[in-house]
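Notes follow once the structure below has been shown.
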Amino acid sequence: MTLFDDREQSDRADAPLAVRMRPRNVEEVVGQSAALAEGSPLRSLLSGGGRSAVSVVLWGPPGTGKTTLASLVSAESGRVFTELSAVTAGVKDVRAVIDEARSRLQLHELGTVLFVDEVHRFSKSQQDALLPAVENGWVTLIAATTENPSFSVIAPLLSRSIVVTLEPLGDQDVRTVLMRAITDERGLGGEVTVTEEALDFLVRISSGDARRGLTALDAASRAGTLEIDLPVVESAVQHAAVRYDRDGDQHYDVISAFIKSVRGSDPDAALHYLARMLEAGEDPRFVARRLIILASEDIGMAEPSVLQTATAAAHAVAMIGMPEARIVLAQATVHAALAPKSNAVYRGIDAALADVRSGRIGTVPAHLRDAHYARATDLGHGVGYVYPHDVPGGVAAATYLPEELEQARYYLPTEHGAEARWAEIDRSLRARRSAQGDRGAET
């Protein structure tokens, strides 16, 4: 548990660069324009002075400014800033902080901003202990979490708070933070220069986490050189720069090799290219999106569960961020690589689109047309339609394609993996639908 004025910490010359460069006002905060827009709950809290006691749950990846925003609320409102880490604090610590805050409010009319970092690590009993303070306004709670608060914060606490979602910082946002640290008197004060190559590398390894970038820059600045170039940064962070241009050939070459390795059922090669992308700072959400596409394009019905894995991975990546997201992406990659492959679904939809685009459309059969309006039956709409649920086995002997396309075949299943079973089902269903040898409208 810590109790302090955060501005005093940032003024210490020996404080870490990330602490010294913590924004002192809202205007210095980068990358959170939506969360800090005029009229937003967070902006109102920052400008509400000592009147507002609304509590906030800040949800976002590491290094997006959760601690900074909490300290700004304290500074702008003139309240005492108290911090609890859910990793080390127990129920006794929570109650002690609340008792102090309550006394402070009653005796000195001085409010308290209670910042709880990683609130998702608090047990239910620890979160319950916060409820009286929040409900009675003894503290302004600002809880930070990298996990979805709908699942990690108890409902009573969540209902008494406003959830503010913080976005990962973009490359330009991180670059802005680093450049400010290089020139600002609170940072390096312009005493060193940083080459563009080194700066690009710092941005890449930050992966949207400003604190990570500042920590790496801080380490490099202690090398005793007036120019920080790529080798200096590599040595300082013990991290080799992977040649990878997120907007150039390397980006497309490596993702291409990744996809082709998965398609070729080689999990080792796929993991290699995945590692290259992540180590070079590729957006993990981009990789997750490519896995979702691949799950349908190259695997499809041969192993339908891969699409579920890829989709779940994308949600997990968005929820937890790097570096933990690497494990989730690795699992999805291995599942996709080891799964049997089929592009039958991909070929099927493209074949159907090709017919439609070339004008092979045909007329919707009368028995399939909408019959839910007056005189529809007089026009023959719906006449002869057999409701499948009224037929034993649930499959009616009928034709559904337009007459002009009666012989068209779009989905051509393979005999790979689970699709072999679906192929047999498809053959059986086709036989049952055409059992009478007539169009459904004539049955």
Side-chain angles (χ1 to χ4, degrees), residues 16-18 30-32 35 58-68 86-87 117-121 144-149 151-152 165-178 199-220 233-234 236-247 250-251 254-255 258 262 270-292 309-336:
L17 183 60
V30 300
Q32 304 301 340
L58 297 176
W59 174 29
T64 51
K66 296 185 287 293
T67 306
T68 291
V87 177
D117 196 17
E118 298 189 88
V119 69
H120 56 273
R121 295 181 181 269
T145 178
T146 56
E147 297 187 5
N148 189 331
F151 305 112
S152 59
T165 303
L166 302 182
E167 298 297 326
L169 299 187
D171 285 354
Q172 189 54 51
D173 297 324
V174 175
R175 185 178 291 270
T176 297
V177 171
L178 293 173
L199 188 59
D200 288 343
F201 178 54
L202 287 169
V203 170
R204 285 204 305 274
I205 64 173
S206 297
S207 297
D209 184 336
R211 183 170 53 244
R212 183 185 300 171
L214 288 170
T215 300
L217 176 60
D218 197 3
V233 176
E234 287 178 321
V237 300
Q238 297 182 349
H239 185 109
V242 179
R243 184 171 174 266
Y244 188 88
D245 179 359
R246 284 172 61 173
D247 299 313
Q250 283 291 310
H251 167 82
V254 177
I255 191 62
F258 172 72
V262 174
L271 287 174
H272 168 76
Y273 293 116
L274 173 64
R276 280 174 63 167
M277 287 187 288
L278 297 181
E279 191 70 2
E282 181 60 81
D283 186 342
R285 295 170 300 175
F286 165 74
V287 181
R289 289 193 296 269
R290 294 304 309 176
L291 281 169
I292 291 175
T309 297
T311 303
H315 285 294
V317 166
M319 184 180 296
I320 65 175
M322 289 292 287
E324 289 82 359
R326 77 192 189 284
I327 309 167
V328 178
L329 288 174
Q331 178 180 340
T333 296
V334 170
H335 189 184

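Computation of the quantities below employed the complete heavy-atom set of this structure, encompassing side-chain atoms and omitting hydrogens, waters and symmetry-equivalent molecules.
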[X] versus [Y], closest heavy-atom pair with distance:
| X | Y | result |
| --- | --- | --- |
| I205 | A216 | CD1-CB, 3.9 Å |
| A35 | L166 | CB-CD2, 3.8 Å |
| A144 | K66 | CB-CD, 3.6 Å |
| V317 | P284 | CG1-CB, 3.8 Å |
| P168 | T64 | CA-CG2, 3.8 Å |
| L214 | A18 | CD1-CA, 3.8 Å |

More than 12 heavy atoms from other groups under 6.0 Å of CD on Q331: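 No - once you tally the heavy atoms of other residues, nucleotides and ligands closer than 6.0 Å, there are 12 at most.
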Just jot down the side chain to side chain contact (heavy atoms under 4.5 Å, CB included) partners of T309, sequence neighbours excluded, or say none.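 T309 satisfies side chain to side chain contact (heavy atoms under 4.5 Å, CB included) with A332, H335 once adjacent residues are dropped.
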With sequence neighbours left out, write down each residue that passes side chain to side chain contact (heavy atoms under 4.5 Å, CB included) with A219, or none if nothing qualifies.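 Expected list: A236.
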What's the separation between atom [atom1] in [X] and atom [atom2] in [Y], rounded to the nearest 0.5 Å?
| X | Y | atom1 | atom2 | result |
| --- | --- | --- | --- | --- |
| L291 | R289 | CG | CZ | 11.5 Å |
| R204 | E279 | CZ | CD | 10.5 Å |
| S206 | L169 | OG | CG | 9.0 Å |
| D283 | L278 | CG | CG | 10.0 Å |
| Q32 | T165 | CD | OG1 | 10.0 Å |
| D117 | T67 | CG | OG1 | 5.0 Å |

Under the side-chain hydrogen bond (donor to acceptor under 3.5 Å, both in side chains) test, which residues partner [X], sequence neighbours left out?
| X | answer |
| --- | --- |
| T145 | H120 |
| R121 | E118 |
| D218 | R222 |
| R175 | E196, D200 |

Side-chain contact, heavy-atom cut-off 4.5 Å: [X] with [Y]?
| X | Y | value |
| --- | --- | --- |
| P61 | D209 | no |
| V119 | S152 | no |
| V174 | R212 | no |
| T333 | F258 | yes |

